[in-house]
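For reference, the structure discussed in these notes is given below.
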Amino acid sequence: MEAKDKKAKKTEEVEEEGSEEEEEEETFETSPALLEKYKTAAVITNDALKYVISLCIPGADIAEICIKGDKKIEEEVLISKVNLQAGKVYTSKKCKVTEKGIAFPTCLSVNEICGHFAPLKDESRKLVEGDMIKIDLGCHIDGFVAQTAHTIVLGANAETKKVTGKKADVVIAARNCFDAALRLVKEGNTNMQVTKAIEKISGVYKTNPLEGVLSHNVKKHMIDGDDVIINKETNEQKVVEHKFGKYEVYVIDVMVSTGEGKPRETEIRTTVFKRALENAYSLKLKHSRQFFHDISLRYPSMPFSIASLEDATSARVGVAECVNHDLLHMYPVLTEKSGEFVAQFKATIVLLASGALVLNGLPFESTLYSSEFKIEDKEIVDLLATSPVSYTHLRAHETSLHLVCRLLLEKKKN
């Protein structure tokens, strides 16, 4: 999902000491530590995602879960218990970590709510059995981002309460679209191949891809690069076709709806924002200046939720003036029609010389769902029968030394 009312698209950068241009020229071959940062962030997102799912029980409060999800990410990056080799890499003079933390706040979007739902405590709601819950979050290490999202149906059980009907259709459709996308994002393929596959697969299950959803390439301190994959192309929403290239990193975001796939704005309060680094303004209110100062230090380039701030009440005042003067981009809460369901899956993928490497995302529990529809198209069936390379399963025990050796071998082959 996209931030609201972006003006002319600009590359958002954070000024740092040293040569930024030199760092952008580095690749995973020449600087294996870059991949190590992505991988560490990915492991943290998977751990946080599993933790948030464990909190999703009937009667649980959504606002409380979102806050706990954000705290989990912050705790993980602080204690640095993920990938012990990374500790040595990050303290070296050539690979200093200046910033790490939340890259996208924990959001729990239920049923027809499409995304960005991280409510304030007094505007929250409780989960009920049967809710279709989309969990979305992200982490970064030194500005290198890993994001993930997963959909569950609360109370689903393979033996006693299997999900059927349109709930099952949309989850299976979204997962198959997502799996196809992961297999198609590779060097030499184009973004439009992914969009067409999503359209074809979702149609099998009588569902629709959600409009307005983009999968971006990501770089240091940038979660929304200019090269994108559009979830659904329309006459009003089109993107430039491009080929995927070696060493690119993408956050693949797939969303499918049982409805028309046309999200609409609601009266639900927006709580997720990101600094508009291209704009400046001298704020008048004291609360606004303090709020903007605090978020500039804590979230200089990444999205954040005011619901997770210690003083959410003051944040409401501060955010209003900041938005009025274009200092923040908004991530509004959009919904489908009441009674419809939206499913989402998201993961971070790196294009290496040896092929695409999926960094995060959880396995799909297919036994929980049963649909009357089935993919018959041989090309799609064959595509889904292949397996993308997953760091989660194949690289979990790879040390930095192993990584350097492997990348040097890849370089020699090419």
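We use all heavy atoms of the structure for the numbers below, so side chains are in, but hydrogens, waters and symmetry mates are not.
Stacking of K346 on the aromatic ring of F104 is recorded, both the 6.0 Å distance cut-off and the 45° axial limit being met. Judged by a 6.0 Å distance limit and a 45° cone about the ring axis, K37 is not positioned over the six-membered ring of F144.
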Set out, in order, the CA-CA distance, both residues' side-chain angles and the distance that settles ring pair (Phe, Tyr, Trp, His ring centres under 6.0 Å) for Y369 and F364, then state yes or no.
CA-CA 10 Å; Y369 305 92; F364 181 55; 5.4 Å; yes
Check against salt bridge (Lys or Arg N to Asp or Glu O under 4.0 Å), D142 and K220
CA-CA 8 Å; D142 204 21; K220 186 173 184 178; 3.6 Å; yes
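Proximity of a side-chain donor or acceptor of H216 to a complementary backbone N or O of V228 within less than 3.5 Å is not detected. With hydrogens and angles disregarded, a donor-acceptor distance shorter than 3.5 Å links the side chain of T234 to the backbone of Q237. Counting only distance, with no hydrogens or angles, the side chain of K134 and the backbone of N111 share a donor-acceptor pair below 3.5 Å. Not a single donor-acceptor pair under 3.5 Å links the side chain of E340 to the backbone N or O of K337. Between the side chain of N231 and the backbone N or O of E211 there is no donor-acceptor pair closer than 3.5 Å. Not one N or O on the side chain of K71 forms a donor-acceptor pair closer than 3.5 Å with the backbone of C66. Listed for the E187 side chain is no donor-acceptor partner under 3.5 Å among the backbone atoms of A353. Between the side chain of N208 and the backbone N or O of G259 there is at least one donor-acceptor pair closer than 3.5 Å. Between the side chain of T348 and the backbone N or O of Q147, at least one donor-acceptor pair lies under 3.5 Å. R298 contributes no side-chain N or O that, together with a main-chain N or O of S296, makes up a donor-acceptor pair within less than 3.5 Å.
Between F304 and Y299, the angle of the ring planes stays under 30°, which puts this pair in the parallel group of the 30/60° scheme.
You'll find the ring centres of H329 and F273 outside the 6.0 Å limit.
Comment: R125 engages D131 in a salt bridge, judged by a side-chain N to carboxylate O separation of less than 4.0 angstrom.
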